[in-house]
There are 2 protein chains.
Amino acid sequence: MTYGTLCHKGFEGVTTVGLRERKKEKTRLAIFDAALDLFLEQGYESTTVEQIAGAVEISPRTFFRYFTGKDHLVLLFHDQAEELMLEVLAGLPPDEPPFACLMRALRAVLADVRAAAPEHADRFMKLRRLLDEHPRLFGQSVARGAETERHLAEAIAARRGVDPDRDQLTHLIVGFAMSTMRVGFECSRQDGTMEEVQERMAESIALAERSLRPGWDL
Amino acid sequence: MTYGTLCHKGFEGVTTVGLRERKKEKTRLAIFDAALDLFLEQGYESTTVEQIAGAVEISPRTFFRYFTGKDHLVLLFHDQAEELMLEVLAGLPPDEPPFACLMRALRAVLADVRAAAPEHADRFMKLRRLLDEHPRLFGQSVARGAETERHLAEAIAARRGVDPDRDQLTHLIVGFAMSTMRVGFECSRQDGTMEEVQERMAESIALAERSLRPGWDL
DNA sequence: CAATCTACTGTCAGTCCATGACTTATGACA
DNA sequence: TGTCATAAGTCATGGACTGACAGTAGATTG
């Protein structure tokens, strides 16, 4: 599930989704927003779970029922992006070259953020700034990316009809794709708008495709 | 400084290095070895700093004077590998293509481990197994790799005469290089010898070079 | 060799993250 | 409405880390 699809489901099923579930989602986002703002204000390390919980008026214990830990907050988007990428991948024709598939999936993630409510795009950009300002968080983001990389590698291996435990090329394809993605996401001073991110990502993808030999990933 | 160079310095300066410093290095390695064995035996999470300290007969407080934290143990090699790669990079002729430079630096790291005392190669392989068995640790390793990636990007940017904050290609080059490196390191069942690692790394490098357009990184 | 300086080590107290066990509150639903 | 399931709060605990202070042992100098 992603922000985009969440919105969609919101339209078609708002009445069937119980009060309970709606309340939960509201709390989850409230925690996320409060935490993001606190992190940006006073830094990640110096923000305690107690503070975050206090800001949303829940007990610290409850915080851990919504997020596995402080780290997890920063990885909310990663969870959703991974899920969406795998969905997109599953829906693409089997003869589409692997790297092109991954680039499609990547573009789908950005499109999904834009398709969602504007406040979601704001969260996305805030998170981006946060990652840019705190190398430690960026590291966590990359670590989470490594997990995604494994899952994508399985999907790509299946698609290529090879054993993911043996085929190095599969991992290279996914690794290159993730690198392309990270390069596109990097801030380094500039930009604050979603458009600019999409633009830079397009640049990065173009650069990667220009760098690779045609048919290298077959 | 690396294991290889450490050994070298050992020969030429063992008398000039004070007892104090030698003792410190011995303690550092003792901690490292004890921790690695404990991690492999009973897992990373379920090994406490107290246990590690106990095994080496130091106080838990002292542990933190040698390593910044439990995580840091797993990243000892990363520190040394990064340092060596930057050194190698600095010594290469300016007209050597960037990606080739990075592959050279990468090979130098492996050569350095092999050149060092056999127990260092053992540590290297143990660590490799540990990372393979614990996804969480692998994540930390990748996160540390992201830091190295930044440093390498600066070196490559200087070498290419571009601003590292603006030039996407520089980051792509380094990203692709790191991906190639990770693919070569991956275990996935097989091997236990240093030779096999070197072999797989060579495969991975060959695969990468075959995938990239000639002159893509200029 | 002795006195002194310096830096490593241990002890102690305290903070924060995280989790398990148990109790209370609240939405779901017959 | 009353019962049930699940969410939220409370309490207690353990483990990672840090700062402050004291003791100890290698280094240095005369």
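Residue numbers begin at 1 in each chain, while the letters A, B, ... track the order of the sequences.
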To the nearest Å, how far apart are [X] [atom1] and [N] [atom2]?
| X | N | atom1 | atom2 | result |
| --- | --- | --- | --- | --- |
| B:Lys70 | D:dG15 | NZ | P | 10 Å |
| A:Asp71 | D:dA16 | CG | P | 15 Å |
| A:Phe64 | D:dT10 | CZ | C1' | 15 Å |
| A:His72 | C:dC17 | NE2 | P | 17 Å |
| B:Phe67 | D:dA16 | CZ | C1' | 16 Å |

Practice task
Establish, from distance only, whether the side-chain atoms of A:Ser141 and A:His78 form a donor-acceptor pair under 3.5 Å.
Solution key: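 Yes, side-chain donor-acceptor contact under 3.5 Å.
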
Do any N or O atoms of the protein come closer than 3.5 Å to N or O atoms of nucleotides 28-30 of chain C, and which pairs are they?
residue, atom, partner, partner atom, Å
C:dA28, OP1, A:Leu19, N, 2.9
C:dA28, OP1, A:Arg20, N, 3.1

B:Lys126 with B:Asp33: basic N within carboxylate O range, under 4.0 Å
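Looking at B:Lys126 and B:Asp33, the cut-off is not met.
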
*asked:* One thing to verify: whether B:Glu186 and B:Arg200 come together as a salt bridge, which I'm taking to mean a side-chain N less than 4.0 angstrom from a carboxylate O.
replied: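 Salt bridge: no.
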
ask   = On the ring face of B:Phe99, is B:Arg104 found with NZ or CZ under 6.0 Å from the centre and within 45° of the axis?
value =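 That pair does not qualify as a cation-pi contact.
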
Identify the pairs formed between an N or O of the protein and an N or O of nucleotides 9-12 of chain C at a distance under 3.5 Å, and give each distance.
residue, atom, partner, partner atom, Å
C:dT9, OP1, B:Tyr66, OH, 2.8
C:dT9, OP2, B:Tyr66, OH, 3.1
C:dG10, OP1, B:Ser59, N, 3.4
C:dG10, OP2, B:Ser59, N, 3.0
C:dG10, OP2, B:Ser59, OG, 3.2
C:dG10, OP2, B:Thr62, OG1, 2.2
C:dG10, N7, B:Arg65, NH1, 3.1
C:dG10, O6, B:Arg65, NH2, 2.6

Begin from the C-alpha positions of A:Asp79 and A:Arg144 and carry the test salt bridge (Lys or Arg N to Asp or Glu O under 4.0 Å) through to its verdict.
-> CA-CA 9 Å; A:Asp79 294 346; A:Arg144 177 66 181 81; 3.0 Å; yes

Could you grab the distance from atom CD1 of A:Ile31 to atom NZ of A:Lys26, nearest 0.5 Å is fine?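 Between A:Ile31 CD1 and A:Lys26 NZ, I get 13.0 Å after rounding to 0.5 Å.
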
**Prompt:** Looking only at atom types and distance, does a side-chain atom of B:Arg128 sit under 3.5 Å from a main-chain N or O of B:Phe185, one as donor and one as acceptor?
**Reply:**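 Indeed, once roles are kept as given, a pair shorter than 3.5 Å links the two residues.
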
Is the ring pair B:Phe67/B:Phe32 parallel, tilted or perpendicular, if the boundaries are 30 and 60 degrees?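 Geometry flag for B:Phe32 against B:Phe67: parallel rings.
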
query: Can you say whether the rings of B:Phe176 and A:Phe176 are parallel (under 30°), tilted (30 to 60°) or perpendicular (over 60°)?
result: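 Ring orientation of B:Phe176 relative to A:Phe176: parallel.
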
Next on the checklist: Using side chain to side chain donor-acceptor pair (under 3.5 Å), reason through B:Thr180 and B:Ser204 one step at a time and then give a plain yes or no.
Outcome noted: CA-CA 6 Å; B:Thr180 305; B:Ser204 167; 5.1 Å; no

Hey, are the side chains of A:Phe63 and A:Thr27 touching, using non-hydrogen atoms and a 4.5 Å cut-off?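 They are not in side-chain contact.
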
Scan residues 38-51 of chain A against DNA chain C and write down, sorted by residue number, each residue with any heavy atom closer than 4.0 Å; if none is found, say none.
->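 Heavy-atom contacts with DNA chain C come from A:Thr47, A:Thr48, A:Val49.
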
